[in-house]
Amino acid sequence: MDKIYWPKEKITKGDLLLYYEKVAKWILPHLKDRPESMRRFPDGITGASFFQKNLLQHPDWVETAPINQVNYLMIQNEESLLFAANLGCIELHPFLSRVGKLKYPDYVIFDLDPKSASFEKVIEVAKTIHDVLDEIKVPSYCKTSGATGLHIAVPLGAKYTYDTAKRFAELIAKIVQKKIPQISTLERSLSKRKGKVYIDYHQNNMGQTIAAAYSVRARPKAPVSTPLKWEEVKKGLDPTAFTMKTIFQRLKKFGDLFAPVLKKGANLELALKN
DNA sequence: GCAGAAG
DNA sequence: CTTCTGCAACGCTGC
DNA sequence: GCAGCG
Ligand SMILES: [Mn+2]
Ligand SMILES: [Mn+2]
C-alpha cells in the first residue's frame, strides 16, 4: 500500500487507490458496461508495464464480458474500480461501446497525437475540428489525453455502427487536414509526420480503446485525462496542470464536462447534408 | 501483482 | 522450494 | 507477404 508508484512525486499505490475511490462518482458513468483494457504498472511508472484485456481469474463480485474468447473486465462500481487499481492498473482504457450495444459506439473519437509537434499546434488542430463540426451543427467535446495530446469526442447515442462512425471521422479529418496542412497530418508513418499533429481517426474500431476521462496516466506529476471547456482550448493551456491532486477543484467548479458525451447523439445524416 | 510453468 | 514468464490485438497502410 | 503504427 505504501509502495512508491511515482518516485519523484513520492506518490504511493495507496494514493492511487484513494484517488480512484474519490473520483469513482465521476469516472464510473464513463466505464460502466464497457469492456476494459487495463494498463498495469505493478512496480510503479518506472517499472515494467503491460496491457491486460483477458482476466483469467477474479472474485465472483467482479463482472466480466466474454468477447471473442477474451474475458474483459467491466468496471461497474467502486469495488471493481478499486479491484483494478489494486492490480497496479494506473490507466483505464475502455471500449467506445457498451455490452448490449457492442457494435454501436457511444461516441466518435479524434485522437490528436503531437509526437514531436508542439502542444500549441495540437490546440490549433483541435479548434479547427471544433469549427468544422460547429458549422454542420455537430456538438463536440474536448479533453486532455493526460499525456501529450487531446481527445475530441462526438456523441452518437449508440445509433451508428463503428464503420459509420469511422467514416464520419475520416471525412472530418480530411476536411480539417486540408484546411491546415502545415500543422496537421493523416500520415500513419511517424517519419513522414515531421512536427505535425497526427489526426488519428482509426481509433473508431471495435476493440480499440483510448484513456478514459479521469483516468490517471503513468507519467510524471500523475496527470489525469481532463475534460475541458472549449474556451479553455487556447494558447497557454497546460495539460500537465491537471493531476490526481488538482482535478477535484475542477470537478467541484464545473462538474463532469464530459457527461454530455454519454447522452444525446448527433444526427449524422442531417449533419452531412449541411 | 499474481498465476502457472519451469528450474 | 525459488525463479521466470506472460499479461493486447487487430485493422490499416505503405513498401 | 511483411513491418510499422496506435
Ligand atoms: Mn493519443
Ligand atoms: Mn493515437
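Below, chain A is the first sequence line, B the second, and so on; all start at residue 1.
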* To do: Scan side-chain atoms only and decide if A:T243 and A:K221 contain a donor-acceptor pair under the 3.5 Å cut-off.
  => no

* Answer yes or no: does a side-chain N or O of A:K192 lie under 4.0 Å from OP1 or OP2 of C:dG14? => no

* To do: Assign each of A:F50 and A:D163 to its nearest nucleotide of DNA chain C by heavy atoms, then name whichever residue's nucleotide is nearer the 5' end.
  => A:F50

* **Atom pair distance, as rounded to whole Å: CD in A:E170 and P in C:dT13** => 8 Å

* To do: Return the 5'-most residue of the pair A:H202, A:S49 with respect to DNA chain C, ranking by each residue's nearest nucleotide.
  => A:S49

* Of the nucleotides C:dC7, C:dA8, D:dG6, which one has an atom closest to the side chain of A:Q208? -> D:dG6

* Asked: Does the D:dG6 base have a donor-acceptor partner in the side chain of A:R188 within less than 3.5 Å?
  -> no

* To do: Go through A:D15 and A:Y5 one step at a time and tell me if the side chain to side chain donor-acceptor pair (under 3.5 Å) criterion holds.
  => CA-CA 9 Å; A:D15 295 327; A:Y5 269 19; over 6 Å; no

* To do: Answer with base, sugar-phosphate or nothing: what part of the nucleic acid does A:L190 contact at a heavy-atom distance below 4.0 Å?
  => sugar-phosphate

* To do: Kindly say if A:Y201 contacts the phosphate of C:dG11, meaning a side-chain N or O under 4.0 Å from OP1 or OP2.
  => no

* Among the nucleotides B:dG1, C:dG14, D:dG6, which one has an atom lying closest to any side-chain atom of A:R40? -> B:dG1

* Would you indicate, yes or no, if B:dG1 has its OP1 or OP2 atom less than 4.0 angstrom from a side-chain nitrogen or oxygen of A:Q57? => no

* For A:Q203 and C:dT13, give me the distance from atom CD to atom C1', rounded to whole Å. => 15 Å

* To do: Report the nucleotide, chosen from C:dA9, D:dC5, B:dG1, that has the shortest atom-to-atom distance to any side-chain atom of A:R193.
  => D:dC5

* N or O in side chain of A:R39 less than 4.0 angstrom from D:dG6 OP1/OP2 -> no

* Rounded interatomic separation in angstrom, taking NE2 from A:H58 and C1' from C:dC7 -> 15 Å

* Just checking, any donor-acceptor pair under 3.5 angstrom between side chains of A:T128 and A:D131? -> no

* To do: Measure from CE on A:M206 to P on D:dG6 and round the result to the nearest Å.
  => 23 Å

* Rounded distance (Å) that lies between atom P of D:dC5 and atom CG of A:D113 -> 13 Å

* Qualifying residues under salt bridge (charged side-chain N to carboxylate O under 4.0 Å, His left out), relative to A:E120, sequence neighbours excluded -> none

* Between C:dA8 and B:dG4, how far is it from one P atom to the other, in whole Å? -> 15 Å

* Structure fact -> Atom NZ of A:K53 and atom C1' of D:dG6 are separated, to the nearest Å, by 11 Å

* Asked: Just wondering, more than 12 heavy atoms not from A:F41 lying within 6.0 Å of its CZ?
  -> yes

* Proximal nucleotide (of D:dG6, B:dG1, C:dC12) relative to the A:D111 side chain -> D:dG6

* Asked: Rounded to whole angstroms, how far apart are CD on A:Q69 and C1' on C:dA8?
  -> 15 Å

* Quick one: A:F41 CZ to B:dG1 C1', roughly how many Å, whole number? -> 14 Å

* Proximity to the side chain of A:N54 - top-ranked nucleotide from C:dA8, B:dG1, C:dG11 -> C:dA8

